[in-house]
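So that the names make sense, note that chain A is the first sequence line, chain B the second, and so on, each numbered from 1. Owing to the predicted nature of the structure, the values given are computational and were not obtained by experimental measurement.
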There are 2 protein chains.
Amino acid sequence: MFWVYKISQAMATATVEDYLKRIYLEQAGSAGTANRAADGDAAGGLVAMGQLARVVGVAPGTATAMVKALADSGLVNYEPYAGVRLTDHGEKLALHVLRRHRLIEQFLVEVLDMDWSEVHPEAERLEHAISDRLLERIDAYLGRPRTDPHGDPIPTAGGRVARPERAALIDVRAGRRLEVTRVLDQSPDFLRAMARHGLRPGAKVTVARHDEAAGTVHLKLSSRRSVTLGEAAARKILVKTRRRSN
Amino acid sequence: MFWVYKISQAMATATVEDYLKRIYLEQAGSAGTANRAADGDAAGGLVAMGQLARVVGVAPGTATAMVKALADSGLVNYEPYAGVRLTDHGEKLALHVLRRHRLIEQFLVEVLDMDWSEVHPEAERLEHAISDRLLERIDAYLGRPRTDPHGDPIPTAGGRVARPERAALIDVRAGRRLEVTRVLDQSPDFLRAMARHGLRPGAKVTVARHDEAAGTVHLKLSSRRSVTLGEAAARKILVKTRRRSN
DNA sequence: AACATGATTTTGACTACCCAAAAACTCAGG
DNA sequence: CCTGAGTTTTTGGGTAGTCAAAATCATGTT
C-alpha cells in the first residue's frame, strides 16, 4: 500500500472539509446542466478525479489519495477509474461547510459592508475557523437569510437546501419581466462587471433581444439602462419571471 | 542536523503566528511582574523553553525545533539553554496577531453579543484566518476601540501598544475609589465568576478591607454589593483610581 | 483485435508539524 | 570541585498533506 491515513472522527480538518464541499458543488453543478436525467446510465453526480483535482487545486494523485481516505471514513463512495460521490454523511458535512461559507459571505456584505466581489476568498478561510455557536449568532443577527449575496441558497442547520434553479438569462424569451435571482460565477472580475451594470440579485430586467448570430443578449434594466451580455455571461445569470405587480 | 525548515517569507503559518504571540505574551507578562528592572542581569524578557512549550501546548523538544526555525528566519533571538526573545520583526508580527485577536474578541462581544467568557477560543482560531481588509472593516465598525472585552489594550495597525499596567486590586489601599480596567485571566470559569460579581472593566469598586491573615480582599461595588475575593483573584483584577467626579 | 490517447493510480520523495525518550547541559548544595 | 536534580537538546519516528513522474487502465478508432 502507499499513502493511507485515518480521518479522525468528529473533527474534519480544513482540507477534508474543502474536498467535501468541492465534491458537493461539482455534483450539484453537473446535475444542474440538465444532462443527468437525460443520459440514463446512472452516472448521476459522479465526479471524475481529474475534475476534482482541478477544482481543489491539487495534482491528480493527491486527489486520489485523499478520496481513498474519505471513502475509508465513510464520507464518499469511490469507484476506481470512475469517480466519487458523497455519502449521506459526507453530504451532510458538505452542506454544513456550505452553510458556513454562505452565511459568512452574507454577513461580510450586509454587516461589514464588504464588496460582493471580495468576500469569497475571505469566506473560504473563515468557513473552517468558525464555531457553531458563532455561526448561530451570525444567522440570528442577519435574520435567518435564505440566500447569500450571489443569490446562492443557504443550507439550513438541518441540512436542507432550496433548489430554486431558475432559468438562465439566455434561456428566457424576450419581453418577459424578470428578476435576477442568482449569479453563478464567483470571480471578482465578473462580479465587479455585473455590479457595474446593475446586475445583482433583485435587479429587474427584461430581455430586449437575443441575437443568436452575434452571440449576444440585449437587456433593458428597470433603471432604463441597456446592457449587452455575451452568451457565456448570460448563462451565468439566473432569473425568475416577475408577477404583474409593479 | 535534524528537523529544519524554512519559514516562507511574507506568509507565516498559523503555528508560527501562535508561537510568536505566546513568546510576546510571556515576555510582556514577566516584565509585568516587576522583577525585570529589579534583577539587573539583563535577562529581561528571555522566555525559557519549558515555559514556552507549556503555554503553546507542545512537548519541549517541539518548541526547541520551532524556535530554531524562527531564529533562522530572523523572528527571534535564540540562546541555547537560556531562552528566546523576539526580534523587532518578530515582535511586529506578534503584535499584528494580537491586534487581530483582540479586535475579534471585541467584535464578537460588542456586535454579536457573545459572552466575554467564550470569545477567547473563538478568536484563537479566527485570528489566523482573517484578512487585513476585513480587520480594517471590523476596526472601523467598532470605532477604533482601544481595548478588548477583558480590558487588554489593542495594538495599533502600526504596532504600538498602550502600556497602562495599572495596579492590581490586591496592591491598592482600602478606601480608594477605583475602576476596573483589566482582567488578566481568560479562563471561562474565572470570567463567568467575575461577571456574576459585576467585576468587568468599567465597574466601580472600593476596597473595603484587605485581610492578609485570611488571604481575602473585601470589596464594595457601586451597586452596593459586597464581594470577597481570594488573593489569587485579586491579583488578576487591574484597576485605576477614579477622579473625584460622581 | 490492436493501438494510441488520455485519464487515473501508484511510487517515491518532500514539508510542516508533532511526540517520547535518550543524551547533554546547567547550576545549586554539599 | 563534585554530584544530582531539573531543564534543554537531540534522536528517531509518526501524521497530514503535497508533487512529479512512471505505470496502469478505459476507450474510441482503425
Counting the atoms with a prime plus P, OP1 and OP2 as sugar-phosphate, which does B:Ala48 contact under 4.0 Å by heavy atoms, base, sugar-phosphate, or nothing?
sugar-phosphate
So that I can tick it off, tell me whether A:Arg192 and A:Asp115 are bridged by a salt bridge, with the cut-off set at under 4.0 angstrom between side-chain N and carboxylate O.
no
Closer than 4.0 Å, any side-chain N/O of B:Thr64 to the OP1 or OP2 of D:dT8?
no
Between D:dT10 atom P and B:Met66 atom CE, what is the distance in whole Å?
16 Å
Taking only side-chain nitrogens and oxygens of A:Tyr78, does any of them come within less than 4.0 Å of OP1 or OP2 of C:dT8?
no
Is it true that A:Arg54 and A:Glu26 make a salt bridge, defined as a side-chain N closer than 4.0 Å to a carboxylate O?
no
Between CG of B:Leu46 and P of D:dT7 the distance, given in whole Å, is 17 Å
Given atom CG of A:Asp72 and atom P of D:dG17, what is their separation to the nearest angstrom?
14 Å
Taking the nucleotide of DNA chain D with the nearest heavy atom to each, does A:Pro60 or A:Tyr81 sit closer to the 5' end?
A:Pro60
Let me know the distance between CG of A:Leu70 and C1' of D:dG17, rounded to the nearest Å.
12 Å
Quick check on A:Lys92: does its NZ atom have over 12 non-hydrogen neighbours (other residues, nucleotides or ligands) under 6.0 Å away?
no
What integer distance in Å separates B:Met49:CE from D:dT7:P?
14 Å
For a salt bridge (Lys or Arg N to Asp or Glu O under 4.0 Å) with B:Arg100, tell me which candidate from B:Glu17, B:Glu105, B:Glu127 qualifies.
B:Glu17
Can you check whether A:Lys68 has a side-chain N or O nearer than 4.0 Å to OP1 or OP2 of C:dT10?
yes
What is the distance, rounded to the nearest whole Å, between atom CZ of A:Arg54 and atom P of C:dA7?
11 Å
Phosphate OP1/OP2 of D:dG17: any A:Thr13 side-chain N/O under 4.0 Å:
yes
Salt-bridge present (B:Arg99, B:Glu136; N to O < 4.0 Å):
no
A:Tyr19 has an atom OH; how far is it from atom P of D:dT18, in whole Å?
4 Å
Can you tell me if the side-chain N/O atoms of B:Thr62 get under 4.0 Å from OP1 or OP2 in C:dC18?
no
Distance, rounded to the nearest Å, where A:Glu17 contributes CD and D:dG17 contributes P:
11 Å
